[in-house]
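Along the sequence shown, residues carry numbers from 1. Counting starts at 1 for both ligands and their atoms, following the listed order.
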Amino acid sequence: MENSVIIGPDALPALAELLYRPAVSRVFVVVDSHTARACLPLLEPHLPANYCLIEIPAGEEYKSLASCEVVWSQLTAQRADRHAVVVNLGGGVVTDLGGFAAALYKRGIRFVQVPTTLLAQVDASVGGKTGIDFQGYKNQLGVFQEPAAVFIEQKFLETLDPRQVKSGYAEVIKHWLIADADAFNTNRRLGWLTDDWTPIIRESVALKQRIVAEDPLEAGPRKLLNFGHTVGHAIESYLLLQAGREALHGEAVAAGLVCESWLSVQHGLLSAEELDKIETFVFSVFDKLSFVLMETAAIAEFALQDKKNAGTTINCTLLEGIGNGVYDQPVTVAEIAESLRYYLRLQS
Ligand code: GLY
């Protein structure tokens, strides 16, 4: 079971099997104030009676060093040893932060991910990226550390606002755009609403696992997974830090998918017809984000802060046709600003 991803109705019973092993000295469950209320009741029957709950407030602003201290203080107070297991129950904030805290405590104790949002199920919990935000920059501190296992149960999605589910869907679309043209074409016809997310999650996780297995530390092909994120992160950071307006991660990524598809056309890699298909699909799911022409230059500047850039070159992932991402494509800040202006001109 180590390092595996278990998806579907067997997931929580499989977690229980791992946690009840004699080699596990104590179980610590990290939740936020939302998952404590909405998700813990579904998990609790699968936990040992003496588990210890660690709660942080919900929200990206709590993906912080202060929240890590809360986790480390509890582990220390309870004398957690190297055989303790941390169970992270939540969205990307909890799985990233809980993984990071576990990876650093006593030079690393085992942790498992129980992602409760679509975004965390198809992306954040898979692939071993952990981390926290620092001084306004997203994921500024972090380590690559694979969880002992990931357990995915779609029932948790019922606890979410549909806007949150939609946000995760942006990562699913991204996976199709970089590596699965057939899935993109089939699903853009079907639309985004479904009662059964498990097959979509399974497919998306398998696709991400294939890419991560090839390049766990993001030296090459894993950069494909950043498609939509150069512009997406820039919009997300700008709106939060400069404008005091918040967009959900996936909403910003959806805008990034459109902008970076447009950049792919400018670089002669994608056809105008394919761009049109992408835009039509993205806008059938997502509303247009609200920023104005005057803000585009400032948003583009934020792209330079991305950790993945060398000097002032912005290395972007673009599409060489739908279903075929290409990484390390240099783009300028001016081109990014122009892509944002293109986005603003589109009718949603
Ligand atoms: N979320 C992108 C990655 O895991 O590499």
Side-chain angles (χ1 to χ4, degrees), residues 3-5 7 60 63 88 90-100 102-103 111-133 137-147 149-150 152 164 166-180 200-237 247-257 260 303 305-309 314-319 325-329:
N3 284 327
S4 53
V5 181
I7 305 170
E60 180 78 25
K63 192 175 166 181
N88 299 312
V93 171
V94 170
T95 57
D96 278 14
L97 179 138
F100 181 69
F111 64 96
V112 298
Q113 307 291 39
V114 185
T116 58
T117 63
L118 184 60
L119 190 134
Q121 294 186 345
V122 298
D123 188 19
S125 68
V126 178
K129 278 189 181 176
T130 73
I132 56 171
D133 303 338
Y137 295 111
K138 279 175 68 70
N139 303 322
Q140 186 77 347
L141 306 178
V143 293
F144 286 98
Q145 182 67 57
E146 276 291 348
V150 182
I152 300 179
Q164 287 284 352
K166 211 187 253 196
S167 171
Y169 193 61
E171 301 290 353
V172 175
I173 300 175
K174 174 197 79 179
H175 286 159
W176 295 331
L177 287 174
I178 58 171
D180 194 344
I200 291 180
I201 295 167
R202 244 185 245 289
E203 218 184 340
S204 228
V205 166
L207 190 151
K208 178 161 182 184
Q209 282 182 303
R210 275 200 302 278
I211 294 175
V212 171
E214 212 183 317
D215 175 26
L217 301 183
E218 202 173 321
R222 186 168 182 164
K223 295 179 190 174
L224 294 174
L225 296 168
N226 297 328
F227 181 60
H229 286 65
T230 300
V231 178
H233 273 161
I235 297 174
E236 197 181 2
S237 304
L248 295 181
H249 176 72
E251 293 169 344
V253 168
L257 296 178
E260 293 176 27
Q305 301 293 349
D306 200 297
K307 291 183 295 305
K308 292 132 199 151
N309 298 316
I314 300 172
N315 283 321
C316 209
T317 292
L318 299 178
L319 297 181
V326 279
Y327 56 88
D328 281 347
Q329 302 295 307

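What sits closest to atom 4 (O) of ligand 1 on the protein, heavy atoms only, is K208 NZ, 2.6 Å. Nearest protein heavy-atom contact of atom 1 (N) of ligand 1 is D123 OD1, 3.0 Å.
The distance criterion of under 3.5 Å between nitrogen or oxygen atoms is met by K129 with respect to ligand 1. Here's the thing with K174: none of its N/O atoms is less than 3.5 angstrom from an N/O atom of ligand 1.
Within the 4.5 Å cutoff, side-chain heavy atoms of E218 are placed close to those of K223.
With a 4.0 Å heavy-atom cut-off, ligand 1 is reached by no atom of V212.
For T117, the side chain to side chain contact (heavy atoms under 4.5 Å, CB included) criterion is met by L119, A120, L160, not counting sequence neighbours. In this view, D215 satisfies the salt bridge (Lys or Arg N to Asp or Glu O under 4.0 Å) rule with no residue, not counting sequence neighbours.
The residues D123 and K208 are annotated as salt-bridged, a charged nitrogen and a carboxylate oxygen being separated by less than 4.0 angstrom.
The option with the heavy atom closest to atom 5 (O) of ligand 1, from among R222, H229, K223, is R222.
In terms of heavy-atom proximity, R222 sits nearest to G127 at NH1-O, 2.9 Å.
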